[in-house]
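All remarks here apply to the structure that follows.
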Amino acid sequence: VATEWSRWSAAARLVTPHPAPPALPPDSTGPLASPHRFWGTYRPHVYFGMKTRSPRALVTGLMWLQQGEGGGSLRHTCEQSDGLSRYGWLMHDGVNFGVQEIRDKGLFLKTEFVKRLGGEHGGDWSWRITARMEGVGSPVPLLSLFFYVATDGQGTLKPHLENRTRLAAVTGTAEELGSFTLTFLRPTTESREDPKYASYNYLEAASPGLHRLTEVVRSSLSNRFVFTPPGGPRRRFFAVDTFQGLPGEHPREGQLLLHQVTLEPPGIVEVTFESGSVVGRPSRLAGGALSAALSQHVAAFEQRFEETFGLGRKGFPLPQQRFAQAALSDLLGGMGYFHGRSLVQSPLQEQPVAAPEAVLFTAVPSRSFFPRGFLWDEGFHQLLLARWDPVLSREVIAHWLDLMNTEGWIPREQILGEEARAKVPPEFLLQHSETANPPTLLLALQRLLPDAPLPYLRRLFPRLHAWYNWYNQTQAGPLPLTFRWRGRDTQPERFLNPKTLASGLDDYPRASHPSPEERHLDLRCWMALASRVLAEVAERLGEPAGPYRVMEQALSDNGLLEQLHWAPELGAFADYGNHSAAVGLRWQSPAPPAPGQPPAAPQLVREVREAPRLRFVGALGYVSLFPLLLQLLRPDSPRLPAVLAAMRSEQQLWTPFGLRSLARDSPLYMQRNTQHDPPYWRGSIWVNINYLALQALHSYANTEGPQREQAAELYRELRHNLVANLYRQHAESGFLWEHYSDSTGRGQGCHPFAGWSALVVLAMAEDY
Ligand code: 6A9
């Protein structure tokens, strides 16, 4: 009974919110307190769409279809498999406007939006979609644009039809939004002077949930429609007809209204959203008024970009400035507003439990592959966004801290709501309650500190303290002042090296045999940083900072650092643990099948050719650099020359494109972890760590010390290599990438990945 009880109470604590007052003041993010941020492109997983920062928000969006034999492909959510050669925001200021370009085979689409404040519900906005074909002979394929609006459990929508087929407008009401009118204007030619011939169709359907909107539309298409331009050839095309329901459909969760325009590109379509609470609207935000608003915002953006990052001043040519603008804009255009519950799992419990409903305003690493919040990614995102819009960054950090449970834990990956869940295979859904992630939000907070208002810091402080304690209590190592990431892969025989997802460096080699004896260097350095930032916040607030300073000093003590983590046999800083250097993967033939069963496939299993023992882990790479990356290493440290030499050595970490994650001469360099897991943090170049390296080198180059000159030289070369490669890859491939090949510089992993790869903007600006 006692264990039952303690399990039950542990599970309850897991899903009990932290008792401190929320970091976000109540009612601070709604339409009245924050009208300019109410509407936004907060649906990063669709190519184009907007919603409000409301829990069950009304959503609007765009789909398109290039008509062809058999129907063509309907585009809606960002999918790598769509094979778009380019898409992303070229300009986006995070609040007022954005300009995105999309290239889908021969089709070029520009999606623009502008907001105009007024009334009490976030004001009005307008969209302009410009479509044309490039490099395609005539007749060009017909293009259908689908504009939709859908509710998600609250709100009502009413269609207004012209000629029974053209959805001219939708009126409606929703919580926080009040009443509104959405108007679909008739298309025009590219010069916007003449009307453009088009066919119209519309759909009204009960929505089975936002995550199934594509299916609803796809299943409603029929090609019984004929495009009949005056004097032109008649052509059959696919259009929304009637919706018959989906297999396995949920109960009705909302309403969907959709306007389909079919035309022969080029053409322009505009949409206006007008809030019922705006009185004395000067004019409709369309046509010339929309063009004027757009060009004003473009000019303001360019000026602010230059004032903030100074790339023109630094002599970057215009194409490189445009690249940096696109990197920043894609991160801003990737901000999402999520609502839902995490599924959390404690080691004490068999069944996962649902955390309370939460909202999260956050940037995302990748609009296609990871369109949701990731804890340590977010700290890197906010390093950049803090420079562009510190108020935004402060709010994002507060949102994240409000996800904390009563233990002081924040789940690493935030999969909130049905749309987010639809993107994640079930085995990745659970968040494990012993698993940490680097506290990079503190890096961002440190950057914001000088200008952060005291009341803001005061709200944050109890949560920061609880978070800090959680790391200290749950991730402590075997000796005082050592730390160990919990939650490494169990079943070591299944992996060449069991992963450490908590660290963020997933498959980066650690001790071959996870054990409580392990001490992880990167986590120790993160804790030194955390102690430093907590001390700085406490000092700003006049709270006792002593204990944090004591910890910071103890964790920065170079002598103790060496004692715990300097591996003389490697000439490098390292992890320590139960480790065998002689491991490999080997094909294992399966046991003979049971009678009547088919034979099983051979499997890759781990072979340990030499027994593990307690020692330093022989893997030179990003982890070895942490004392430098987080600037714990003193400028006169006798170890600094070796660290710099490893960085500069082409046999080890140096490449013409940036620093690789694992040394070329390291045993697990570019080794697969299992049959299905290619190397990830075992050689590739990652921009977040390269940014930290630049930041550190820049600081060593500006501090008196015997390595000052060398640090300065490395800094210049590394910055040049990283920036030049990201620029070149973006020009060639159209995207920022998750990581980059250390042998060719090519983008790898998923794309687009504005995420931390957008830190290239700060590297260009030399803003550390
Ligand atoms: C997989 C598959 C559609 C892995 O950028 C987010 C994280 C980083 O925090 C981490 O450091 N990425 C890095 O090692 C991506 C993690 C994606 C996990 C979910 C689900 C979805 O397939």
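The figures here come from the full heavy-atom set of this structure, side chains too, leaving out hydrogens, waters and symmetry mates. Everything quoted here is computed from the prediction, not taken from an experiment.
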Subject >> Exam field: side chain Arg367 to backbone Pro44, donor-acceptor pair closer than 3.5 Å >> reply: yes
Subject >> Which residues share a ring pair (Phe, Tyr, Trp, His ring centres under 6.0 Å) with Phe616, sequence neighbours left out >> reply: Tyr576
**OP:** Examine distances only and state if a side-chain atom of Asn721 and a backbone atom of Gly658 form a donor-acceptor pair shorter than 3.5 Å.
**Re:** no
Subject >> Any residue meeting ring pair (Phe, Tyr, Trp, His ring centres under 6.0 Å) with Tyr727, in chain and number order, not counting sequence neighbours >> reply: Phe323
Original post:
Backbone N or O of Ala511 within a donor-acceptor pair of the Arg488 side chain at under 3.5 Å?
Top reply: yes
Original post:
Does a sphere of radius 6.0 Å around CD in Glu569 hold more than 12 heavy atoms from other residues, nucleotides or ligands, not counting ones at 6.0 Å or beyond?
Top reply: yes
**OP:** Could you pull out all residues at least two apart from Asn405 that satisfy side-chain hydrogen bond (donor to acceptor under 3.5 Å, both in side chains)?
**Re:** none
**OP:** Name all residues meeting the ring pair (Phe, Tyr, Trp, His ring centres under 6.0 Å) criterion together with Tyr471; count only those two or more places apart in sequence or in a different chain, and write none if there are none.
**Re:** Trp467
Original post:
Are side-chain N/O atoms of Glu562 and Asn558 paired as donor and acceptor at under 3.5 Å?
Top reply: no
Subject >> Presence of salt bridge, Lys423 and Glu413, under 4.0 angstrom >> reply: no
Original post:
Which pairs pass side-chain hydrogen bond (donor to acceptor under 3.5 Å, both in side chains) with one or both residues in residues 435-445, sequence neighbours excluded?
Top reply: none
Original post:
In Å, rounded to the nearest 0.5 Å, how long is the span from CD of Gln631 to CG of Leu529?
Top reply: 9.5 Å
Side-chain polar contacts of residues 745-758 - donor-acceptor pairs under 3.5 angstrom, sequence neighbours left out - could you list them?
unit_1: Gln748; atom_1: OE1; unit_2: Ser684; atom_2: OG; d: 3.1
unit_1: Gln748; atom_1: OE1; unit_2: His739; atom_2: ND1; d: 3.4
unit_1: Ser757; atom_1: OG; unit_2: Trp737; atom_2: O; d: 2.6

Subject >> Main-chain N/O of Arg510 paired to Asn497 side chain as donor or acceptor, under 3.5 Å >> reply: yes
Subject >> Between His730 and Glu732: side-chain donor-acceptor atoms closer than 3.5 Å >> reply: no
Original post:
When you measure from the side chain of Ser666 to the backbone N and O of Leu662, does any donor-acceptor pair fall under 3.5 Å?
Top reply: no
Original post:
Between Arg484 and Glu518, is a salt bridge (charged side-chain N to carboxylate O under 4.0 Å, His left out) present by the stated rule, with each step listed?
Top reply: CA-CA 6 Å; Arg484 173 168 71 90; Glu518 260 178 279; 5.6 Å; no
**OP:** Identify whether the distance between the nearest side-chain nitrogen and carboxylate oxygen of Arg586 and Glu607 falls below 4.0 Å.
**Re:** yes
Original post:
Is there a donor-acceptor contact under 3.5 Å from the side chain of Thr500 to the main chain of Ser503?
Top reply: no
Original post:
Can you tell me if Tyr740 and Asn690 form a side-chain donor-acceptor pair at under 3.5 Å?
Top reply: no
Original post:
Given the rule in the side-chain hydrogen bond (donor to acceptor under 3.5 Å, both in side chains) test, do Tyr669 and Asp742 qualify, once you have shown the distances and angles that lead to the verdict?
Top reply: CA-CA 11 Å; Tyr669 170 71; Asp742 66 328; 2.6 Å; yes
Subject >> Straight-line distance of Gln651 CD to Leu620 CG, nearest 0.5 Å >> reply: 12.0 Å
Subject >> Test item: Trp470 and Gln475 side chains (from C-beta on) under 4.5 Å apart, heavy atoms >> reply: yes
**OP:** With sequence neighbours left out, write down each residue that passes side-chain hydrogen bond (donor to acceptor under 3.5 Å, both in side chains) with Glu378, or none if nothing qualifies.
**Re:** Thr362, His381, Gln382
Subject >> Donor on one side chain, acceptor on other, Thr744 and Ser741, under 3.5 Å >> reply: yes
Subject >> Note: Asp767-Arg387 ion pair, threshold 4.0 Å (strictly below) >> reply: yes
**OP:** Begin from the C-alpha positions of Leu640 and Arg634 and carry the test side-chain contact (heavy atoms from CB on, under 4.5 Å) through to its verdict.
**Re:** CA-CA 8 Å; Leu640 189 53; Arg634 294 169 36 158; over 6 Å; no
**OP:** Salt-bridge test for Asp506 and Lys499: reply yes if a basic N is under 4.0 Å from a carboxylate O, no otherwise.
**Re:** no
**OP:** Mark yes or no for whether Thr703, through its side chain, and Ser699, through its backbone, hold a donor-acceptor pair below 3.5 Å.
**Re:** yes
**OP:** Just grab all the salt bridge (Lys or Arg N to Asp or Glu O under 4.0 Å) pairs involving residues 670-696, residues at least two apart or on different chains.
**Re:** Asp507-Arg682
Original post:
So, is the end of the Arg412 side chain (NZ or CZ) under 6.0 Å from the ring centre of Trp376 and within 45° of the ring's axis?
Top reply: no
Original post:
Between Gln414 and Leu403, is any pair of side-chain heavy atoms under 4.5 Å apart?
Top reply: yes
Subject >> Glu493 atom CD: more than 12 heavy-atom contacts under 6.0 Å >> reply: yes
**OP:** Count the heavy atoms of every other residue, nucleotide or ligand shown that sit under 6.0 Å from CZ of Arg648, and state whether that count exceeds 12.
**Re:** yes
Subject >> Spatial distance of atom CZ (Phe338) from atom CD1 (Ile415) [nearest 0.5 Å] >> reply: 11.0 Å
Original post:
Heavy atoms, side chains only, cut-off 4.5 Å: are Trp409 and Val344 in contact?
Top reply: yes
Subject >> Test item: Cys78 and Pro371 side chains (from C-beta on) under 4.5 Å apart, heavy atoms >> reply: no
Subject >> Separation of Arg486 CZ from His520 NE2 (nearest 0.5 Å) >> reply: 9.5 Å
**OP:** Tell me, please, which residues at least two apart from Glu766 pass side chain to side chain contact (heavy atoms under 4.5 Å, CB included).
**Re:** Lys314, Tyr715, Arg719, Tyr768
**OP:** Would you check if Asp330 and Phe735 make a side-chain contact, meaning some heavy-atom pair closer than 4.5 Å?
**Re:** no
Original post:
Does the separation of the ring centres of Trp686 and Tyr680 fall below 6.0 angstrom?
Top reply: yes
Subject >> Side-chain heavy-atom pair Arg524, Leu564 within 4.5 angstrom cut-off >> reply: yes
**OP:** State whether a side-chain donor-acceptor pair under 3.5 Å links Thr77 with Glu79.
**Re:** yes
Subject >> Under 3.5 Å side-chain donor-acceptor pair for Ser342 and Gln431 >> reply: no
Subject >> Thr482 side, atom OG1; Gln563 side, atom CD - distance, nearest 0.5 Å >> reply: 12.0 Å
Subject >> Sidechain-backbone polar pair: Arg613 side chain, His579 backbone, donor-acceptor under 3.5 Å >> reply: no
**OP:** Report the distance from atom CD of Gln707 to atom CZ of Arg639, rounding to the nearest 0.5 Å.
**Re:** 12.5 Å
Subject >> With Tyr691 via side-chain hydrogen bond (donor to acceptor under 3.5 Å, both in side chains) - residues at least two apart >> reply: Arg447
Original post:
Listed by chain and number, what are the side-chain hydrogen bond (donor to acceptor under 3.5 Å, both in side chains) partners of Arg494, not counting sequence neighbours?
Top reply: Gln491
Original post:
Sub-3.5 Å donor-acceptor pair from the side chain of Asp82 to the main-chain atoms of Leu84, do we have one?
Top reply: no
Original post:
Counting only N and O atoms by type, is there a donor-acceptor contact under 3.5 Å from the side chain of Arg660 to the main-chain atoms of Gln652?
Top reply: yes
Subject >> Within-4.5 Å side-chain heavy-atom neighbours: Leu331 and Leu384 >> reply: yes
Original post:
With sequence neighbours excluded, what pairs up with Trp400 under the ring pair (Phe, Tyr, Trp, His ring centres under 6.0 Å) test?
Top reply: none
Original post:
Below 4.5 Å, heavy atoms only, C-beta onward: do Leu443 and Trp526 meet side chain to side chain?
Top reply: yes
